[in-house]
Amino acid sequence: MEQNELKAIVELFAIDGTVNGIAPLGAGLINDTYRVTTAEEEAPTYVLQRVNHNVFPDVDMVMRNIAAVTSHIRKKLQEAGEDDIERKVLRFIPLKTDAEKLYTQVDGKYWRLMVFIPNAITKQTVNPASSRDAGRAFGRFQAMLADIPVELGETIKDFHNMEFRLQQLKEAMKEDRMGRLHEPQVQQMLREIEAREYEMCKAERMGREGTLPKRVCHCDTKVNNMMFDHNDQVLCVIDLDTVMPNFVFSDYGDFLRTGANFVAEDDPEMKSVGFNMDIFRAFTEGYLESARSFLTPAEVENLPYAAALFPYMQCVRFLWDYLNGDKYWKSEYPQHNYIRSNNQMHLLQSVESHMQEMQEFVAKCMKK
Ligand code: GN1
Ligand code: MG
C-alpha cells in the first residue's frame, strides 16, 4: 500500500506527534504490520496493523477482548507497584472520533494502532534460561487474567479443539481437492494420526465431563510472541488476537512445540527434529512457579499430554491445509505444508519417547 494511504489511516487515530515514516515490520504470516515513526523526539513510535479478517471474522470481538485484557493487566501491574509499565503491557490507541473504539475499517480492511515498545527485541529461539523466564511470564499472564471481570469471546471458534481439527481433516480428505490424498507419504501420516485420535481428544472429553476448566489463555504462545529487554528478561506478551477462554494446555503446549523443537517447524531434515528436554525442564519449572497456585491436579498431571497434543494438533492442521491446497499458511514450495506436518509428527514421536520422564519431572516440581 502507498505511504500516503497508510498515513491517512494512522491519522484516524488519536496519536501524539506527526507521522514521518511508515515501513513494514516483522514477518507475520497472518496480519500485515508496519512501524510508524514520528517527527518529534518526545512522541512515540507506533505499530500499525491490518487484522486479517478471514482468519479473525469478528474483529470487533478481537478488539473488545484485547481492550479488556490489556486494561486488566495494566491494573494488576499498577497494584503490584511495578515500574516501567508501558513496556510491560501493550497500549492501543483509540480513534480521534471515538475514544472507546480501538480499530477502524477502511475499504473493507480493518486497522489498529499500538505504541511500539522501545528497546525491546523478539527471538526465534530460546535457551533454558529464557525458557524459564517465558514459563513464568505465561503462567503469570494466565494468573493475572484469572479474575478478569468480563467474559471473553472465542475469536476463532474451536481454535484448539482437537475433535474439530480432526473433523476438518476428514472433510479435506473427502474432498481431496488437490488429488494429494493417495500419495504414499500422506497415507502413512494418516495412519500415524489415526492411531492417536482417541488419546489426543482427551481434553475435550475431560471438558465435557467437567474435570477440566477453561481459563483465559493466550493461545499462540510461540517464542516470537514475547518481547525481551536487552538483559534477556521477558518484558511482555504480544500478539493478543487469540486471547480467549481455553484449556491451559494451549499455552503450555504451544510454547514447547516451538521452543523445545531442536529445529524450526518447517525444517525438512527430519533427523534433526526432536524435543529438547532442557527447554522442557526449564519452561515447566518457570510455568509451575507462577501457575501452581491456581492449577488443579488434573491440569498439572496432564501437562506432559499437552506437550504431545500441540505437535499432534499442528501436524493435523498442516496436513489439512496440504490436502486443501495450501490456503491457510503461506507456502514457499508445493510440499511445504506436508513437510511442516511431517516435522510435527517427528517432534511428537520424540515427545512420546520422553513421556515418563516428563511425568516424573512434573511430579517432582510439585513436591518442592
Ligand atoms: C499461526 O500467526 P502465527 O504465525 O503466530 C497459527 C497458530 C499456529 C502457527 C503455526 C491464528 O500462528 O495457531 O500454531 O501459525 N495462528 C492462527 O506456525 O491460526
Ligand atoms: Mg505471531
Side-chain angles (χ1 to χ4, degrees), residues 24-33 47 49-59 61-63 65-66 90 110 112 122-126 134 138 141 152-162 164-166 168-169 172 200 203 217-227 236-261 263-268 273 306-322 324 326-332 336-348 351:
L25 177 71
L29 294 183
I30 293 200
N31 299 325
D32 295 334
T33 311
V47 175
Q49 211 168 35
R50 184 182 71 81
V51 184
N52 182 332
H53 69 278
N54 292 322
V55 172
F56 297 100
D58 189 344
V59 178
M61 177 197 278
V62 168
M63 294 313 294
N65 277 3
I66 290 181
L90 294 176
Y110 293 83
R112 65 184 171 207
T122 55
K123 294 168 184 272
Q124 298 302 329
T125 57
V126 278
F138 283 124
F141 182 82
L152 298 188
E154 199 178 355
T155 59
I156 300 178
K157 199 174 166 336
D158 291 322
F159 186 42
H160 282 166
N161 179 334
M162 196 59 245
F164 169 72
R165 294 300 180 189
L166 284 162
Q168 257 188 338
L169 175 65
M200 288 297 159
C217 292
H218 182 278
C219 298
D220 190 13
T221 52
K222 300 199 306 189
V223 170
N224 60 10
N225 280 337
M226 242 176 302
M227 306 290 294
C236 75
V237 171
I238 58 170
D239 210 351
L240 304 175
D241 299 326
T242 52
V243 173
M244 61 179 120
N246 225 325
F247 302 129
V248 291
F249 302 161
S250 292
D251 291 358
Y252 179 82
D254 217 23
F255 179 89
L256 288 173
R257 183 184 73 77
T258 52
N261 193 345
V263 294
E265 68 183 9
D266 65 346
D267 196 308
V273 177
L309 175 61
F310 278 80
Y312 179 77
M313 190 182 301
Q314 206 56 58
C315 169
V316 169
R317 291 180 69 194
F318 284 142
L319 193 67
W320 157 76
D321 200 30
Y322 181 67
N324 248 348
D326 313 308
K327 292 199 163 47
Y328 196 86
W329 281 280
K330 290 176 193 160
S331 57
E332 284 149 29
H336 204 162
N337 274 316
Y338 168 75
I339 294 289
R340 287 171 171 143
S341 178
N342 197 22
N343 175 303
Q344 296 297 293
M345 177 50 72
H346 279 75
L347 179 62
L348 170 62
V351 171

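Both counts, for ligands and for their atoms, begin at 1 and track the order of listing.
Here Ile156 has side-chain heavy atoms under 4.0 Å from ligand 1, and that is the only part of it that gets that close.
Between the side chains of Asn343 and Asn261, at least one donor-acceptor pair of N or O atoms lies under 3.5 Å.
Selection from Lys222, Gln344, His160, Arg257 by nearest heavy atom to atom 4 (O) of ligand 1 gives Lys222. Among Met313, Lys330, Gln314, the residue whose heavy atom lies nearest to atom 14 (O) of ligand 1 is Gln314.
Remark: distances from the non-hydrogen atoms of Arg317 to ligand 1 include one below 4.0 Å. Within the structure, ligand 1 has Trp329 among the residues with a heavy atom less than 4.0 angstrom away.
Ligand 1 has no N or O atom lying under 3.5 Å from any N or O atom of Thr242, backbone or side chain. Residue Glu265 has at least one N or O atom closer than 3.5 Å to an N or O atom of ligand 1.
Ring geometry for Phe141 versus Phe138: interplanar angle over 60°, hence perpendicular rather than tilted (30 to 60°).
Between Ile66 and Leu240, the shortest heavy-atom distance links the atoms CG1-O, 3.7 Å. Residues Cys315 and Met345 come closest through the heavy atom pair SG-CE, 3.9 Å.
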Inset, instruction - Show the numbers, then the answer: is there a ring pair (Phe, Tyr, Trp, His ring centres under 6.0 Å) between Phe318 and His336? - result: CA-CA 9 Å; Phe318 284 142; His336 204 162; 8.5 Å; no

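Tested against Asn225 for a side-chain hydrogen bond (donor to acceptor under 3.5 Å, both in side chains), the candidates Thr258, Asp220, Thr242 yield a single pass: Asp220. Residue Glu265 forms a side-chain hydrogen bond (donor to acceptor under 3.5 Å, both in side chains) with just one option from Arg257, Gln344, Lys222, and that option is Arg257.
Taking every non-hydrogen atom of Asp220 and a distance limit under 4.0 Å, the qualifying atoms of ligand 1 come out as 3 (P), 5 (O), 12 (O). Each of the following atoms of ligand 1 lies closer than 4.0 Å to a heavy atom of Tyr328: 11 (C), 17 (C), 19 (O).
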